[in-house]
Every structure is written in structure tokens, then in C-alpha cells.
Number of protein chains: 2
Amino acid sequence: MEIEIDIDDPMPLFTQLVEQIKRAVNNNLIKPGDALPSIRQLANDLEINSKTVAKAYRLLERDSIIQAKGYRGTFVHPEAKANCDFDLNHWLTEKLTEAITLLKKSGATDSEIRIAFNHVMNNNKN
Amino acid sequence: MEIEIDIDDPMPLFTQLVEQIKRAVNNNLIKPGDALPSIRQLANDLEINSKTVAKAYRLLERDSIIQAKGYRGTFVHPEAKANCDFDLNHWLTEKLTEAITLLKKSGATDSEIRIAFNHVMNNNKN
DNA sequence: ATATGTACCATTATTACACATGGTACACAT
DNA sequence: ATGTGTACCATGTGTAATAATGGTACATAT
């Protein structure tokens, strides 16, 4: 599995990582049970910060593409390929489009919608 | 009708204007059909920019609290008092809370929700 | 000892937006 | 001419969030 990072790419580094690992799963370059390089190892190879790699791994694990097994390392999730089909961001966009379309029909300004949105996001913080 | 603006108040100037005019309607200080000071006039009295006053008037007209009649000036809307009861911002907050609660249940990060939100808001721009 | 994932603390640069400001101009009717 | 609402152009300032960086520390098991 070869991973390449393009610093000039406007896409965030952690997103590039997520995308490439997902692609590798889809193309059978890595299969369920295969071990992934450790966070520090991969960060060292790509010459980027380990926190950036950790962020990508965290997202991939949440989506059940990979599985972190503590000190034993990280592995491809048994149902990784099936879970790759579900694009959370696409789903988020769909749901938000529905909601925002409704709000705009009421005559709400973009500013008002943004402000109300930020208000909700900030108040639900523990 | 007396309107006062507090520059030290963190609340935006145009919001202060909207709130005070709504309050004046609710307290019967101004009644349907009454004329409001012109945008330039009020801006001059309060020593603020006319665009700020225009923004407040625009929002009030959208919510049918006032009615702009072109060269004749601006007047209190016939059903101003009833329309004061409906708080658009409160309604926006409710709807967005529903939507965001659903998204968070899916495990989406605050960052991901914000990014998807901005994506939707920017794509609907003409 | 070494290496694993993970959880905190923090700073920096960039980006985007809200807010308010100023100027200019138009169509309209008194 | 004057004043009405309205629509563009534009700028500056402050705030807030993302993205990425760095350091430190912990429990785990080899």
C-alpha cells in the first residue's frame, strides 16, 4: 500500500489520508485483517505530524473502515469494503440541504441561518 | 417613539433597532398606519450609518412589522402586532436543533457538520 | 526498553464571516 | 430641488473556526 501526500493540494492532509486508505480498501490493495502502519510510523514516512495521522485513523475507525487494537496496532475492519460505500459527508450534505431549503423558504437570510446554526452548535457543547 | 442605541452593547446596532421597534409595536407606542422616520432621518438622529438603519428596516419589512411605500415613506404594518409574536430566529434555532441532533447521533464531528453546512450554504449561491 | 493507541496541554497561520462604514446612483413623486 | 426607498460599488475590523504543528503523559503488552 502506497500513500502519497501532496502538500500543495488544497485538500486537508488528514482528508487525503482518509481518501487514499478508503481507495486502497475499495481496490483490494488492503484486505480485512491486514495491518496498517502505526500512527507514528506513517507520520514519519510521510514527514507529517503524528496528530494528523491520528486524526485520519480516528475518523476511519469511527466509520468502521479500520480497527484500532491498542498496543497491537491497527487493522482493516472485517466489513471495511461495505462500510466504504456509505459516505457520511454526502449524507450530511443531503440532510442539511433539506433543512436549509426549508429555512430559506421562510425568507430567512443566509446570515440569519448561519448565526442560528452557530448558536445551536455552540450551545450543545458540554 | 424614542429609540436609543448603545454602542457598547455587544448586540449589533441593527438588531437593537429591530428589537426596539418591535417593542414599541408591542407596547402600542406606535400603531398600524403610523409613519416611521425615514432611513436617512433616523440614521442622522442616532448618528449611525444609513445602511445600518436600512438593514433593520429591511428585516422588519420581511417580517411584516413595517411596510415600505417607496417615496411616501415607511409605515407600521396593519398586522404588525400579530406578526411580532412570531420570532423567526427562534424558529430557525428550533429547526436547526432538530436537524443537528439527528446528525450528531450518526457520530458526525462538529467539524464535519460545520463543513457540510458551509458547503450547502455556498453552493446555493447564485 | 520498546512500541502501540490515546488523551491532554498548547501555538500558529489561514480562512471566512458579521458588522459597520462610506460613496454613488437610480426611479419615483411632491 | 428635495426626499423617499433601494441597489450597487467598496473597505476595515473583529471574531471564530479549521488545519497543522509540537510536547507530554498514560496504560497496555511484547
Side-chain angles (χ1 to χ4, degrees), chain A residues 5-18 35-44 46-62 66-75 89 108-123 125, chain B residues 5-18 35-62 66-75 89 108-123 125-126:
Chain A
I5 292 299
D6 180 9
I7 312 184
D8 296 331
D9 193 321
M11 186 185 302
L13 301 185
F14 75 91
T15 304
Q16 293 186 41
L17 275 178
V18 170
L36 277 81
S38 79
I39 290 179
R40 292 176 178 81
Q41 178 77 49
L42 187 53
N44 212 338
L46 299 176
E47 294 178 329
I48 62 179
N49 196 279
S50 62
K51 308 307 181 322
T52 305
V53 179
K55 182 174 185 180
Y57 275 31
R58 196 186 325 133
L59 293 175
L60 286 167
E61 183 171 29
R62 185 202 53 189
I66 66 177
Q67 265 183 334
K69 299 192 176 181
Y71 63 93
R72 272 172 288 176
T74 307
F75 304 87
N89 287 323
T109 306
D110 282 20
S111 284
E112 289 174 321
I113 296 177
R114 284 199 173 94
I115 291 173
F117 173 81
N118 288 326
H119 189 254
V120 173
M121 293 296 289
N122 292 338
N123 276 12
K125 278 193 176 175
Chain B
I5 294 299
D6 181 9
I7 313 183
D8 296 330
D9 193 323
M11 184 185 302
L13 302 185
F14 76 90
T15 304
Q16 293 186 40
L17 275 179
V18 169
L36 278 79
S38 78
I39 291 179
R40 292 176 179 82
Q41 178 78 48
L42 187 52
N44 212 337
D45 291 351
L46 300 176
E47 291 177 333
I48 62 179
N49 196 280
S50 62
K51 309 305 182 326
T52 305
V53 179
K55 183 175 183 179
Y57 274 31
R58 195 186 325 131
L59 293 175
L60 285 168
E61 182 170 31
R62 183 204 54 189
I66 65 177
Q67 266 184 334
K69 299 192 175 182
Y71 62 93
R72 270 172 290 174
T74 307
F75 303 87
N89 287 323
T109 307
D110 281 20
S111 284
E112 289 173 322
I113 295 177
R114 286 186 205 271
I115 292 173
F117 173 81
N118 287 327
H119 189 252
V120 173
M121 292 297 290
N122 293 337
N123 275 12
K125 279 193 177 176
N126 314 329

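Small disclaimer: the values here were computed from a predicted structure and weren't measured.
- The listed nucleotides are dA20(C), dC17(C), dT6(D); the one nearest the side chain of L13(B) is dA20(C).
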Task: Contact pattern, 5' to 3', of nucleotides 8-15 of chain C - B, S or - by protein heavy atom under 4.0 Å - done: --------

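- Taking for each of R40(B) and E47(B) the nucleotide of DNA chain C with the nearest heavy atom, the 5'-most of the two is the partner of E47(B).
- Here dT6(C) is the nucleotide among dT21(D), dT6(C), dT21(C) with the atom lying nearest to any side-chain atom of I39(A).
- At the phosphate of dT4(D), neither OP1 nor OP2 sits under 4.0 Å from any side-chain N or O atom of R72(B).
- Looking at L36(B) and L60(B), their side chains never come closer than 4.5 Å, going by heavy atoms from C-beta outward.
- Phosphate proximity of dT4(D) to S38(B): present, with a side-chain N or O under 4.0 Å from OP1 or OP2.
- Shown here, dT14(C) forms a base pair with dA17(D); the pair counts as Watson-Crick or G-U wobble because both key distances fall under 3.5 Å.
- Side-chain N/O atoms of N122(B) include one lying less than 4.0 angstrom from OP1 or OP2 on dC17(C).
- A sub-4.0 Å separation between OP1 or OP2 of dG22(D) and a side-chain N or O of S50(A) is absent.
- A residue-by-residue look at Y57(B) and S111(B) shows that Y57(B) has its nearest nucleotide of DNA chain D further toward the 5' end.
- Taking only side-chain nitrogens and oxygens, T74(A) comes nearer than 4.0 Å to OP1 or OP2 of dG5(C).
- Residue N49(A) places its side chain closer to dG22(D) than to any other of dC17(C), dG22(D), dT30(D).
- Of the candidate nucleotides dA19(D), dC28(C), dA20(C), dC28(C) has the atom nearest to the side chain of Y71(B).
- Residues T52(B) and L17(B) approach most closely at O-CD1, 4.5 Å, considering heavy atoms.
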TODO: Under the side chain to side chain contact (heavy atoms under 4.5 Å, CB included) rule, what do N89(B) and I115(A) come out as? Steps first, then yes or no, please.
DONE: CA-CA 9 Å; N89(B) 287 323; I115(A) 291 173; over 6 Å; no

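- Close to dC19(C), at under 4.0 Å from its OP1 or OP2, lies a side-chain N or O of K55(B).
- Of the candidates dT21(D), dT6(C), dT6(D), dT6(C) carries the atom nearest the A68(A) side chain, counting heavy atoms from C-beta on.
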